[in-house]
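Order of appearance sets the numbers: ligands from 1, and atoms from 1 within every ligand.
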Amino acid sequence: MNIKATVTGKRQITIPKEVCELEKINTGDQVIFTVKNGDIIFKKEIQRVTCFACRGNKNIEDKDCFICNGKGFLDEEFSNNPLKIISHIAMTGRKYKIEVNFSTKDYLCVDLSSSNYSRESLDYIQDEIQKKIIEMYSPKSIMDYSIFMNPSDAILDSIIRNLKTEDAKEEVRKWFR
Ligand SMILES: [Zn+2]
């Protein structure tokens with residue numbers, strides 16, 4: 001793709017809308033310029049966040065973390081996308097002896113099983129992924145996008161029941177208050 005832009009008096013250019021859409025560049029994002037052989041390349045800086053599964057420790061129970069592959073960090077976009085996380089586990093599961101299943105009732109519910117990691121570790125990680133799913137699929141207030149719409153008692157009950165740890169249950173209950 002070749003798109004023209006004009007440099008203004010203050011050395012500014014407007015990044016074409018098509019480029020922003022394609023590369024998902026939003027206000028506040030940082031970009032990095034690389035100059036090489038007369039070409040100027042610029043890329044959106046990939047934001048990295050601490051891996052939610054191993055909490056940056058790179059491993060789980062002395063085995064490589066199966067979410068970050070032992071790196072300790074994740075690309076922010078991946079970390080925020082439960083569907084990408086689930087497909088990552090499905091694709092690399094054989095290597096880590098881990099299986100991911102999901103069911104859909106009121107919600108997409110994820111279920112991890114493994115002979116390699118303890119139930120305690122799996123429950124924690126499963127809840128972290130499940131929270132991302134709840135966050136992604138719960139309708140938000142039109143007035144204030146940071147506030148969730150309250151689901152019916154029955155649905156909230158099934159959302160909470162599906163979580164494994166008390167911490168996750170408590171956190172999610174607070175979201176819908
Ligand atoms: Zn990790």
Side-chain angles (χ1 to χ4, degrees), residues 20 22-34 41-140 145-148 151 156 158-177:
C20 288
L22 198 66
E23 294 302 315
K24 297 188 177 73
I25 298 172
N26 295 303
T27 307
D29 284 346
Q30 301 221 291
V31 298
I32 294 174
F33 288 91
T34 310
I41 297 167
F42 88 91
K43 279 185 186 168
K44 178 180 168 179
E45 186 176 44
I46 294 168
Q47 300 291 330
R48 285 175 172 168
V49 293
T50 303
C51 173
F52 66 86
C54 63
R55 288 168 271 193
N57 292 324
K58 300 181 181 179
N59 48 51
I60 298 165
E61 297 160 13
D62 297 326
K63 283 159 259 185
D64 267 358
C65 170
F66 57 88
I67 300 288
C68 64
N69 300 329
K71 291 191 302 236
F73 59 83
L74 299 168
D75 289 353
E76 193 178 25
E77 200 207 339
F78 175 86
S79 183
N80 290 336
N81 190 328
L83 304 181
K84 283 192 180 170
I85 295 167
I86 291 169
S87 68
H88 165 80
I89 301 171
M91 281 189 301
T92 55
R94 187 184 281 259
K95 177 179 163 194
Y96 295 107
K97 299 194 188 83
I98 186 153
E99 207 173 298
V100 60
N101 286 297
F102 38 91
S103 57
T104 46
K105 232 169 54 190
D106 300 318
Y107 255 84
L108 173 66
C109 295
V110 63
D111 180 70
L112 299 179
S113 55
S114 171
S115 55
N116 212 18
Y117 300 90
S118 73
R119 195 58 247 173
E120 198 189 352
S121 297
L122 294 174
D123 280 352
Y124 172 79
I125 296 164
Q126 184 179 306
D127 277 358
E128 287 299 304
I129 300 168
Q130 193 62 44
K131 282 193 299 189
K132 292 174 194 290
I133 294 170
I134 296 166
E135 221 174 342
M136 189 176 230
Y137 290 105
S138 296
K140 306 257 173 69
Y145 203 63
S146 65
I147 299 172
F148 288 109
L156 183 58
S158 101
I159 291 170
I160 300 290
R161 214 175 327 118
N162 188 52
L163 293 163
K164 301 288 178 187
T165 66
E166 286 308 314
D167 283 353
K169 285 176 198 272
E170 197 180 318
E171 189 184 345
V172 171
R173 259 195 215 102
K174 278 187 195 149
W175 292 355
F176 297 105
R177 218 168 263 164

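Electrostatic pairing of Lys132 and Glu135 does not count as a salt bridge here, judged by no charged N lying under 4.0 Å from a carboxylate O. For the pair Glu170 and Lys174, the salt-bridge criterion is met [side-chain N within less than 4.0 Å of a carboxylate O].
Taking a cut-off of 2.8 Å, the protein N, O or S atoms nearer than that to the Zn ion (ligand 1) are Cys51 SG, Cys54 SG, Cys65 SG, Cys68 SG.
A donor-acceptor pair under 3.5 Å is formed between the side chain of Lys169 and the backbone N or O of Leu163. Put simply, the side chain of Glu61 gets close to the backbone of Ser118: a donor and an acceptor are under 3.5 Å apart. Between the Asp123 side chain and the Thr165 main chain, no donor and acceptor come within less than 3.5 Å of each other.
Not counting sequence neighbours, the partners of Phe78 by the ring pair (Phe, Tyr, Trp, His ring centres under 6.0 Å) test are His88.
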